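Everything below concerns the one structure shown next.
Protein chains get the first letters and strands the later ones, always in sequence-line order, with residue 1 at the start of each. Keep in mind that the numbers below use all heavy atoms, side chains included, and drop hydrogens, waters and symmetry copies. Worth saying up front: this structure is predicted, and the values here are computed from it rather than measured.
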Amino acid sequence: MEIRILFLGELGARFGREHVLESTEVLTVQEVRRRLGDQVEGSAAVLTRPDVRLAVDQTVVPDTALVRPDQEVAVLPIYSGG
Amino acid sequence: MEIRILFLGELGARFGREHVLESTEVLTVQEVRRRLGDQVEGSAAVLTRPDVRLAVDQTVVPDTALVRPDQEVAVLPIYSGG
Amino acid sequence: MAITALLSRDPPRAEAELQAFLNGRTGDGAVVAFVGLARDSAGGGPVTGLHLDHYAGFTERSLETIAADAGGRFPVSDIRVIHRCGDVAPGEVIVFVAVAAPHRRAAFEAADYLMDRLKTEAAFWKREDGPDGSRWIEPTDQDREDLRRWSD
Amino acid sequence: MAITALLSRDPPRAEAELQAFLNGRTGDGAVVAFVGLARDSAGGGPVTGLHLDHYAGFTERSLETIAADAGGRFPVSDIRVIHRCGDVAPGEVIVFVAVAAPHRRAAFEAADYLMDRLKTEAAFWKREDGPDGSRWIEPTDQDREDLRRWSD
């Protein structure tokens, strides 16, 4: 099973836009941040920043929220606005 | 010699838009108001109102300003705006 | 800075005016356009048409003065004002105002200011025609209050 | 009330949008349109283009939320928002916003509010490209200050 990961904006440009996190268990958003930081070289520091928010299946959620293995997680740096 | 008179807006609709005031002398705006009020039936009261302003050759002037016989006087009720 | 203020007997063509105003504009981030339309009702009653009386020459200068004042007051690049006179049917354009500026705050404020001045100080005399007759209009209390927001 | 908020890869055609928005409108006295253009410079340096990254679905919903909030907050009749994504050249339209209302104050305020929200809370990630490279943009202090004007 895999969690599909999207890095938006500058993070997509720096680390690649699409990633996959292999997982068979339910993870917290906090754990997704940590595992992604381990897996994607150079991303660990930025993934701990509170202004980098995560959306699960298109909804921004707190770090305590849960992520199932079939869900999509988007990593959202601060919006620039339009 | 004659002073050409224009009544704008509602005053034009009520009293007729164009009038002529016969005059050989220089008059004050105050005198133009009075003579017009005498000449144009029913207009005397409205011509004494301070919010009815007079323009001489396209410039709004106070009642003490002078009007020469060859000038144009416009009687301006309060603007509606656009 | 280009400031134009025109009087027109024909309805301003808002879409063509906007297109011309936008064309080739690469230094400004913001264009605000205001389109004033003749409403089909007012004060609870139907309105079948408007007549905007004007004083030729004098009315044009009142528009030019208002536009120039806006250009002097706000950091804007260009201003265009086209105001209708004569007979206006419901739904037709009465006034088109466009303001371009590097930044949006100035464009919004200048357009807002222009309309507040135009609604009270443009030299027009407006008659509303309805099924029960006609009446000549003065600025509303709201119009006067809006204008006071800009007093220095 | 019709509220539409759309994302578009193509430049919004401001003049056609305005015309469609005005067409047949007889109950509203005021239409305010805002057109946001890509500038050819920023912070003193030239800008050769913008890229507006978005998150498909999520970004559209952010636009819809902002438009709906404006519709709930101001006495307006209709709102239309069209926001660009992808690559934008200088002078091209980034955003078109139109608001119709019976009275102009509500139309101005709703358009102003929409732009303040869109400039900070629309889910875009903007990259400015110039001769010296690219940089990713955050809302300016001015943008954040503008937004605070509307906090309840």
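- Proximity to chain D is limited to the side chain of C/R105, based on heavy atoms less than 4.5 angstrom apart.
- The line from CG of C/L22 to CD of C/E17 is 11.0 Å long, rounded to the nearest 0.5 Å.
- Taking CD of C/E128 as the start and OG of C/S134 as the end, the distance is 9.5 Å to the nearest 0.5 Å.
- For the atom pair C/L52 CG and C/R84 CZ, the distance stands at 8.5 Å (nearest 0.5 Å).
- Among D/A98, D/G27, D/G36, D/A20, the residue making the largest number of heavy-atom pairs under 4.5 Å with chain C is D/G27.
- There is no contact between C/A100 and chain D, counting heavy-atom distances below 4.5 Å.
- The most heavy-atom pairs under 4.5 Å with chain C, out of D/P102, D/A33, D/A30, come from D/A33.
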C/F124 vs C/H83, side chain to side chain contact (heavy atoms under 4.5 Å, CB included): CA-CA, chis, key distance, verdict: CA-CA 10 Å; C/F124 291 102; C/H83 206 297; 3.3 Å; yes
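- The residues C/E138 and C/R144 are annotated as salt-bridged, a charged nitrogen and a carboxylate oxygen being separated by less than 4.0 angstrom.
- Residue C/D116 touches chain D through both its backbone and its side chain, counting heavy-atom pairs closer than 4.5 Å.
- Using a 4.5 Å cut-off between heavy atoms, C/L18 touches chain D through its side chain atoms alone.
- Only the backbone of D/A38 comes within contact range of chain C, with at least one heavy atom under 4.5 Å from a heavy atom of that chain.
- Note on D/K119, D/E92, D/H103: by heavy-atom pairs under 4.5 Å with chain C, the leading option is D/K119.
- Between the CG atom in D/D143 and the OG1 atom in D/T120 there is a gap of 7.0 Å [rounded to 0.5 Å].
- Proximity to chain C is absent for every atom of D/A42, based on heavy atoms less than 4.5 angstrom apart.
- A donor-acceptor pair is defined here as one N or O able to donate and one able to accept, closer than 3.5 Å; such a pair exists between the side chain of C/D78 and the backbone of C/A2.
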